[in-house]
Amino acid sequence: MMSLPVLREMDKVVCLPRLSRVAVCGGTHGNELSGVYLVREMLKANKKVTDKDEDNSLSVTTLISNPLATQQCRRYVSRDLNRCFTNASLYGPVSDESPYEVIRAQELNATLGPKGSPEAVDLVCDLHNTTSCMGLCVIAYSDSDWICLQIFRHLKRQMPDMQVRYLNYAISGQEAYSLDTVGKHGFGMEIGPQPHGVVRSNIYTTMKLGVQHMLEWVRLFNSGTVFEGGPVDVFTVVQNIDYPRDPETHDITAAVHPQLQDRDFCLLRPDDPLFQTFSGETLRYHGEESLYPFFINESAYYEKNIALLLARKHSVMVPAIGRSRSTEEGHKNMI
């Protein structure tokens, strides 16, 4: 039997409110099919059994975020939905002429939010796939959201055979643009590699396990379990790099170098190969510091002029946390 860590007297438990409402969303990008099919399966199950604990401590909402794009198996119809959740977009005027995704974002904000309000759902988990070789990434906008970081720690613990990483985009709440920012807490669960418009059983199964472990953590938290603190490696986004392009036509003139392709989160050092031109020339990385590349050659980012993004890794000390209750009760359960 696995022994449970012992809470040290010096560890201070941060007490946080119960997570009563959780949303699991798929199809924000309509051709990222693991989340689409997983949410459909969850919706089928919910028709048979309402997903609530016996003590009514948790209500789980499952929804297809972009139903029109999902029907067409397209990333989006008019505009990338996962860029439509800034305050300016959510609270700006709309009309019949507004892009479908802008209108849909406001509908989702009304259902799950409003963003930044006490009425917003407690946690949003938005499901995504990438064509890049990134394993499972928890993507958030903060390296101090202890709920998201503790869920990440739980996923790493429960999925030891999977590469699980935490990505921080470090964007303010008003400017944060993705669906998960509508909740009081939220993150994207990004899993790859998987081609868009395709579902792979191993990637689907990984996502299903990730969601199950996330909900398991929430139930444990709500039941009074205290989760120990500890260090966490966080990758914070620094910059993105575009493909080399012809100055006149703007066509790309090189592909990601073979030595870099599929090496997401492997350290990229100055003078390492970065691109290979279509004539065979190697172009090297000329940055001043070693950084970690990810979303390498993501197919959906060609339109965004992004060949890869670079992150800096640092360690964050996550505190022990538990549900708001007396200190004496909080120490009874430790994981």
Side-chain angles (χ1 to χ4, degrees), residues 2-25 53 57-60 120-127 135-160 162-170 173 176 178 180-191 206-236 313-327 329-335:
M2 181 179 68
S3 61
L4 297 179
V6 177
L7 184 66
R8 299 171 299 175
E9 290 298 324
M10 68 183 74
D11 288 338
K12 180 180 179 180
V13 178
V14 175
C15 294
L16 299 171
R18 177 194 297 271
L19 303 174
S20 299
R21 295 186 298 150
V22 173
V24 179
C25 307
D53 286 358
S57 66
L58 178 62
S59 173
V60 180
V121 297
D122 297 303
L123 176 66
V124 175
C125 174
D126 193 26
L127 305 175
L136 189 160
C137 289
V138 170
I139 302 181
Y141 290 89
S142 170
D143 62 0
S144 59
D145 186 318
W146 307 137
I147 293 291
C148 292
L149 283 159
Q150 284 284 5
I151 290 173
F152 165 72
R153 282 168 55 85
H154 186 69
L155 293 177
K156 281 186 70 71
R157 205 161 38 230
Q158 298 300 319
M159 305 174 74
M162 187 70 186
Q163 290 284 358
V164 183
R165 300 180 178 93
Y166 190 97
L167 266 171
N168 167 34
Y169 271 70
S178 56
D180 51 274
T181 63
V182 171
K184 295 185 181 74
H185 307 274
F187 62 90
M189 184 181 293
E190 185 92 46
I191 306 180
T206 297
M207 181 174 284
K208 183 176 181 179
L209 288 172
V211 170
Q212 288 174 345
H213 290 313
M214 178 272 294
L215 293 174
E216 171 188 66
W217 184 92
V218 172
R219 291 186 173 100
L220 287 169
F221 174 79
N222 285 346
S223 71
T225 299
V226 175
F227 294 84
E228 70 169 353
V232 165
D233 285 336
V234 171
F235 293 88
T236 296
K313 184 170 74 169
H314 63 287
S315 182
V316 172
M317 184 58 65
V318 180
I321 72 167
R323 180 171 61 84
S324 298
R325 57 192 300 173
S326 72
T327 303
E329 289 178 332
H331 287 307
K332 288 183 179 179
N333 296 304
M334 188 63 202
I335 196 164

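Quick caveat: nothing in here was measured; it's all calculated off a predicted structure. Heads up: numbering here begins at 1 and tracks the sequence.
The ring-ring contact (aromatic ring centres under 6.0 Å, His included) test applied to Phe187 returns no partner, not counting sequence neighbours. With sequence neighbours excluded, no residue satisfies side chain to side chain donor-acceptor pair (under 3.5 Å) with Tyr169. With sequence neighbours excluded, the residues satisfying side chain to side chain donor-acceptor pair (under 3.5 Å) with Asp126 are Thr28, His128. Residues forming a side chain to side chain donor-acceptor pair (under 3.5 Å) with Gln163 (at least two apart in sequence, or on another chain): Arg165. Residues meeting the side chain to side chain donor-acceptor pair (under 3.5 Å) test with Ser142, sequence neighbours left out: Ser144. A search for salt bridge (Lys or Arg N to Asp or Glu O under 4.0 Å) contacts involving Asp143 returns nothing, not counting sequence neighbours.
Asn222 contributes a side-chain N or O that, together with a main-chain N or O of Leu19, makes up a donor-acceptor pair within less than 3.5 Å. Side-chain atoms of Arg21 come within 3.5 Å of backbone atoms of Ala120 as a donor-acceptor pair (strictly under, hydrogens ignored). Using a distance-only test at 3.5 Å, with no hydrogens or angles considered, a donor-acceptor pair links the side chain of Ser324 to the main chain of Leu16.
Here Cys25 contributes atom SG and Leu127 contributes atom CG; the two are 7.5 Å apart, rounded to the nearest 0.5 Å. Going from atom NE2 of His185 over to atom CG of Asp145 covers 5.5 Å, rounded to the nearest 0.5 Å. Rounding to the nearest 0.5 Å places CG of Asp233 at 7.5 Å from CZ of Phe152. Rounding to the nearest 0.5 Å gives a distance of 4.5 Å between NZ of Lys184 and CG of Asp122. Distance NE2/His213 to CG/Leu220: 11.5 Å, rounded to 0.5 Å. Rounding to the nearest 0.5 angstrom, the gap separating the CD atom in Glu216 from the CG atom in Leu209 is 10.5 Å.
The side-chain heavy atoms of Leu155 and Trp217, taken from C-beta on, include no pair separated by under 4.5 Å. In this structure, Tyr166 and Ile151 have side chains that are not in contact, with every pair of non-hydrogen atoms separated by 4.5 Å or more. Looking at heavy atoms from C-beta onward, Met214 lies in side-chain contact with Val24 at the 4.5 angstrom threshold.
Nearest heavy atoms, Phe221 versus Gly322: CE1-C, 3.4 Å. Across all their heavy atoms, Val124 and Asp180 have their closest contact at CG1-CA, 3.7 Å. Residues Val121 and Ala23 approach most closely at CG2-CB, 4.5 Å, considering heavy atoms. The two residues Met207 and Ile191 have their closest heavy-atom pair at CA-CD1, 3.3 Å. The shortest heavy-atom contact between Ala170 and Thr236 is CB-CG2, 4.2 Å. Here the shortest heavy-atom pairing between Glu228 and Gln150 reads O-NE2, 3.1 Å.
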Quiz item: Run the side chain to side chain contact (heavy atoms under 4.5 Å, CB included) check on Val316 and Trp146 step by step: do they pass?
Solution: CA-CA 10 Å; Val316 172; Trp146 307 137; 4.1 Å; yes
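The side chain to side chain contact (heavy atoms under 4.5 Å, CB included) with Gln158 is formed by just one residue from the set His154, Met162, Lys156; it is His154.
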